[in-house]
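Letters A, B, ... mirror the listed sequences (proteins, then strands); counts begin at 1.
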Protein chains: 2
Amino acid sequence: MAGRPTLAAVAAAAGVSPSTASLAFSGSSRVAPHTRDRVLAAAQRLGYPGPDPVAASLRRGRTGVIGAFIGERLLYAFRDPHAITLLDGISEVLGAHGAGLLLLAGDAGRPSAEQIARLPLDAAVFATCGLEDDPAIPLLRRRGVPLVGVEGPVGTDVLIDIDDFGGSRELARHVHDLGHRRVEVIAMPLRLDGTTGPVSGARRARTHYRDVRRRLAGVEDVFGSVPIHETASNSVADGLAAGRAVLGVPAERRPTAVIAQSDVLAAGVLQAAAELGLRVPEDVSITGFDGADLHWLGDTRLTTVEQPTAEKGRAAARAAMALVAGDRPQDVLLPISLRIGTTTGPAPRGANGHR
Amino acid sequence: MAGRPTLAAVAAAAGVSPSTASLAFSGSSRVAPHTRDRVLAAAQRLGYPGPDPVAASLRRGRTGVIGAFIGERLLYAFRDPHAITLLDGISEVLGAHGAGLLLLAGDAGRPSAEQIARLPLDAAVFATCGLEDDPAIPLLRRRGVPLVGVEGPVGTDVLIDIDDFGGSRELARHVHDLGHRRVEVIAMPLRLDGTTGPVSGARRARTHYRDVRRRLAGVEDVFGSVPIHETASNSVADGLAAGRAVLGVPAERRPTAVIAQSDVLAAGVLQAAAELGLRVPEDVSITGFDGADLHWLGDTRLTTVEQPTAEKGRAAARAAMALVAGDRPQDVLLPISLRIGTTTGPAPRGANGHR
DNA sequence: AGCGAGTGTCGAATCGATTCGATGGGGAGG
DNA sequence: CCTCCCCATCGAATCGATTCGACACTCGCT
């Protein structure tokens, strides 16, 4: 009688069997109100805090915990409003189901195998990491953990997706229609190795992230091969650095439009343009992707591809809950739309000469 | 033999007892290398993914999951770089220990009691919610879950704290020394009821958040009673709204200095000042609190009180791990320091008349 | 009064691993 | 050659609840 009271102790105190006590706590209608009250009173008296979640999980086979993988370290991932909104959507649905959200981030890139093996999970969502062959996937798969992928990884049970290619192409066409011919793409990391700068064809071909690859393809579908500048991570700071590199060149070599692969990167490029005294969109057009809420931009409205980020999160969470329940939910393809803002305009005259 | 293989099945296949197989997986030195290899080979052969975490948790009495309470909904909490940095610090330490971070947010303000009762937790950190008497605290306490508080809640086992009062007072003194006499505070929510606008004495006295209260007291220690404008949440948007209200009045009633209770709010006030054509710091001085990394401010360096946010998170996580291990860690008081930036300057002449 | 239906409670098996104390065998020392 | 000790392995209890099928009792109907 040293430790915390158990359900058995409560049952004994209430003069019922453990099974009845359990029924009383689970709110089953098969127990008489009178009996339930007696059990609850006994629990109150003994200071019993309710059934032990771990024991219940073992027996039930479900823990009520859904894991969310974020490719990077928390600090970096959450600099991105898009990632936060996505996670908020997930959290919203999970909360409504009484489930918990377990964050899986890594010190050095991703959660350790040990961590994955030791944590109780009913299902996992690959949220902000489009790594196509994340090593965690087979690990979890072997453990029988249902997997939901968001816009990226392969080998999951369900995929929540958007038309990256189509959206990117539509955006590129808009830029093309404005007369731009010298464009440059500022890309999110193509692989997880910290490389930055101009991207060679070989590296381009070995792009590790599906969303990155598809967005590139959309642009290339319109412009053909375009110069790509890779960033170390998807952040304003890296967008700024890339923007400086791409825009800080003699005017005749400077692109007239910069297509950033995310709004966060675009925000950095906007900063770089401001630093260099370039007017947007008169001197240079800048586009993003995501339709994130960049509150600090003030009046500037970024031309971007808007995706229903929160809904993407919700859909992912719903799919995860469905998988846990044993259903086989459908893949989801969410609509996206071009949003034309104030950061794109006609290409400057005479700027479209040779390159 | 239908479901996933169990440790017992592996043991049988390897020709050893379950206990030995368990030892082999836990990496105990008490098992012969030869035997371990045999067990591991059998596991490989059967596709055994390693010991079930839930069963292990039940037996061990520990789940390896630490909960983090964030007062608000994810979306709002993570708009604040300070909150993210704090959580990153927590995540860093937990990751190093192979523990997981379970996010506890709420649709409507906080996690439901049901959720708290059902989730497996070894300990919990009250991270970004300074609510002094959060109803979750007694709930968890009854369940025997060790609690760590960050700068706020009472009734936890360990408190990770900073000197809000001292820091705020030092900041206020700096403002006072610059000659400002007409100052106004823009406060984070005093209570969780969505009220905004000027704060009455009665409401001031019923401040629910400890950090808010202490920061107020620091200012009042220097300036005496000052007008307070309460915001609906700690966000740039609400800071902007408050800034408009406070600064958008005739110059003779306008404060010469605005003391915002967080950097995020201050960022909003800066925006409001810009909108109203007020120069900072010539026309109005603006201060923040936290020392967050507001990358979008460009050259503007906010005068603020800098706190070691990441270290606060790490300290909280270390305390949580220590509590789980059965230790009784000490409370932690972290140092803070005034950081004078470019947003404070001498009070405009002749502005300090009657109010 | 007898029978069937329905309701409330109970027993016992089960979820899957961990761990302590016991046991057996082999090697070293006398 | 015998004994003592140590090390690797094993048995069995345990963690705390859930759940299925069985059982007893009551009520209603004929």
- Item | side chain to side chain contact (heavy atoms under 4.5 Å, CB included) partners for Ala124(A), two or more places apart |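 Here the qualifying residues are Phe69(A), Leu140(A), Val145(A), Leu147(A).
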- Can you name the side chain to side chain contact (heavy atoms under 4.5 Å, CB included) partners of Ala319(A), sequence neighbours left out?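 Here the qualifying residues are Val148(A), Val158(A), Ile160(A), Pro329(A).
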- Item | Expected output: side-chain Arg4(B) to main-chain Arg142(A) donor-acceptor under 3.5 Å |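 Checked: pair present.
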- salt bridge (charged side-chain N to carboxylate O under 4.0 Å, His left out) partners for Asp88(B), two or more places apart: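 Only Arg73(A) meet the salt bridge (charged side-chain N to carboxylate O under 4.0 Å, His left out) criterion with Asp88(B).
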- Message: Once salt bridge (charged side-chain N to carboxylate O under 4.0 Å, His left out) is applied, what residue pairs with a partner in residues 152-162 of chain B remain, sequence neighbours excluded?
- Response: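 Applying salt bridge (charged side-chain N to carboxylate O under 4.0 Å, His left out) to every pair that reaches into residues 152-162 of chain B, excluding sequence neighbours, yields Arg141(B)-Asp157(B), Asp161(B)-Arg214(B).
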- Task: For Asp52(B) and dC15(D), give me the distance from atom CG to atom C1', rounded to whole Å.
- Result: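 Distance check: Asp52(B) CG to dC15(D) C1' gives 13 Å.
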- Item | Atom-to-atom span, CG of Leu46(B) to C1' of dG16(C) - whole angstrom |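 Those two atoms, CG and C1', are 15 Å apart.
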- Item | N or O in side chain of Tyr48(B) less than 4.0 angstrom from dG16(C) OP1/OP2 |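 Checking dG16(C) against Tyr48(B), no side-chain N or O comes under 4.0 Å of OP1 or OP2.
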Could you write out each protein N or O paired with an N or O of nucleotides 9-12 of chain D at a distance under 3.5 Å?
| residue | atom | partner | partner atom | Å |
| --- | --- | --- | --- | --- |
| dT9(D) | OP1 | Thr35(B) | OG1 | 2.0 |
| dT9(D) | OP2 | Ala32(B) | N | 2.8 |
| dT9(D) | OP2 | Thr35(B) | OG1 | 3.4 |
| dT9(D) | O4 | Arg30(B) | NH2 | 2.8 |
| dC10(D) | OP2 | Ser17(B) | N | 3.0 |
| dC10(D) | OP2 | Thr20(B) | OG1 | 2.7 |
| dG11(D) | N7 | Ser19(B) | OG | 3.2 |
| dG11(D) | O6 | Ser19(B) | OG | 3.4 |

- Message: Near DNA chain C, counting only heavy atoms under 4.0 Å, which residues of residues 57-65 of chain A show up?
- Response: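 Leu58(A), Arg59(A) - these, ordered by number, are the residues of the stretch whose heavy atoms sit under 4.0 Å from the strand.
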Can you list everything that forms a side-chain hydrogen bond (donor to acceptor under 3.5 Å, both in side chains) with [X]? Sequence neighbours excluded, please.
{"X": "Arg36(B)", "answer": "none"}
{"X": "Thr63(A)", "answer": "Asp122(A)"}
{"X": "Asn234(A)", "answer": "Asp80(A), Ser262(A)"}

- Task: Specify the angle, to 10°, made by the local axes at the two ends of the helix from dA1(C)-dT30(D) to dG30(C)-dC1(D) when five pairs are taken at each end.
- Result: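 For the helix from dA1(C)-dT30(D) to dG30(C)-dC1(D), the axes at either end differ by 40°.
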Tell me which donor-acceptor pairs under 3.5 Å the side chains of residues 48-56 of chain B have, and how far apart each pair is, sequence neighbours excluded?
| residue | atom | partner | partner atom | Å |
| --- | --- | --- | --- | --- |
| Tyr48(B) | OH | Gly50(B) | O | 3.4 |
| Asp52(B) | OD1 | Val54(B) | N | 2.7 |
| Asp52(B) | OD1 | Ala55(B) | N | 2.9 |

Do any side-chain atoms of residues 5-25 of chain B form donor-acceptor pairs under 3.5 angstrom with protein atoms, and if so which ones, sequence neighbours left out?
| residue | atom | partner | partner atom | Å |
| --- | --- | --- | --- | --- |
| Thr6(B) | OG1 | Ala8(B) | N | 3.3 |
| Thr6(B) | OG1 | Ala9(B) | N | 3.3 |
| Ser17(B) | OG | Ser19(B) | N | 3.4 |
| Ser17(B) | OG | Ser19(B) | OG | 2.8 |
| Ser17(B) | OG | Thr20(B) | N | 3.3 |
| Ser17(B) | OG | Thr20(B) | OG1 | 3.3 |

